[in-house]
Amino acid sequence: MPDDLARIYDEHADALFAFLMHLTRDVAETHDALQEVFLKLARRPDLLAGVGDERTFLLRVAHNAARDRFRRQAVRRENEARFADETSRVFLPAETPDEQIFREAVAGAVAVLPEEQRAVVHLKLWEGLTFDEIGVVLGIGLNTAASRYRYALDKLRTRLRPLHQELQ
Amino acid sequence: MNDLERVLARIPLAAAPAEWRGEILRGARNGAPETVSASWWQPWIRPRRLAFAAAWTAIAILRLSTPEEERSASPATLGQLRGRVATQLTLLAELFDPPAPPGPSPAMHEARVARRETHIA
């Protein structure tokens, strides 16, 4: 398992990091949630046995870890006040100032979405999952995932359209 | 996928900080204590899970075996409760401060005095 743990980290940690950053909007919380995911894998080496798609399964574990942390520590409320500082770290820094402004605007627009919509948007846009797979990760139905995505995208469009058009 | 979705999906995501790899893998391998402790009651309940299960089962059995009319009896009214409390208080007062034992009646006293005088005479 130790070697396997390193392989799993190398293959999936970046994706889990980005997903958790979108969920928690906090680097320290992301770190702790990611640590919990790997602790769970180390303690239960059979956890991935028989799993079809490791990435989907790990995203689900990460989502559960983040949600448990929300419940246990009520960090969500704390984050509401300070998420703006760290949300932009979810994207790579851009090479041009205009693109950087746009990326920060996107990060900010995603950050103000409700948590359940942030999760769906991330999994759809940046993980490229189908609504069926998103449903599996988040433990919701396909239709729920699709409608959450539609609502979220409408909000993003409203927020980002002026800036997007200006930068074109 | 529409235009906005394509634009958003093209934004590259940041990678996890490089220094995290060592920390997280080391923490996982060492089975480091979880960063968030369990609820205070969990360590207390866990070793007694069977006892709690037995207690709950007993409660459920008792409840099911209690006749419905006893369970659904209407609670005492405030007046009834006050009456019961007053009775209890009276009983308590008698217990801790009993009334003086009744003395002999005047007629008995007179008869006793008369008997004593007769005996002395």
Closest non-hydrogen atom pair between [X] and [Y], with its separation:
X	Y	answer
A/A13	B/A16	O-CB, 4.4 Å
A/Q35	B/A28	NE2-N, 3.4 Å
A/R43	B/G31	NH2-O, 3.6 Å
A/W126	B/I11	NE1-O, 3.2 Å

How about [atom1] on [X], more than 12 heavy atoms from neighbouring residues, nucleotides or ligands closer than 6.0 Å, or not?
X	atom1	answer
B/R82	CZ	no
B/E19	CD	yes
A/K40	NZ	no

Please say yes or no: joined through hydrophobic side-chain contacts below 4.5 Å, possibly via intermediate residues, are [X] and [Y] part of one cluster?
X	Y	result
A/L113	A/F91	yes
A/V136	A/L20	no
A/L142	A/Y151	no

Can you tell me how far the CG atom of A/L5 sits from the CZ atom of B/R29, to the nearest 0.5 Å? 6.0 Å

With only heavy atoms counted, which part of A/D10 is less than 4.5 Å from chain B, the side chain, the backbone, both or neither? side chain

Report which part of A/F38 has an atom under 4.5 Å of a heavy atom belonging to chain B: side chain, backbone, both, or neither. both

B/W20 and A/F17: aromatic ring centres closer than 6.0 Å? yes

Heavy-atom distance under 4.5 Å between the side chains of [X] and [Y], does that happen here?
X	Y	value
A/Y149	B/E5	yes
B/L13	A/L92	no
A/R161	B/L4	no
B/I24	A/L39	no

Between B/L8 and A/L160, does a side chain to side chain contact (heavy atoms under 4.5 Å, CB included) hold up when you go through it step by step? CA-CA 10 Å; B/L8 295 177; A/L160 296 171; 3.9 Å; yes

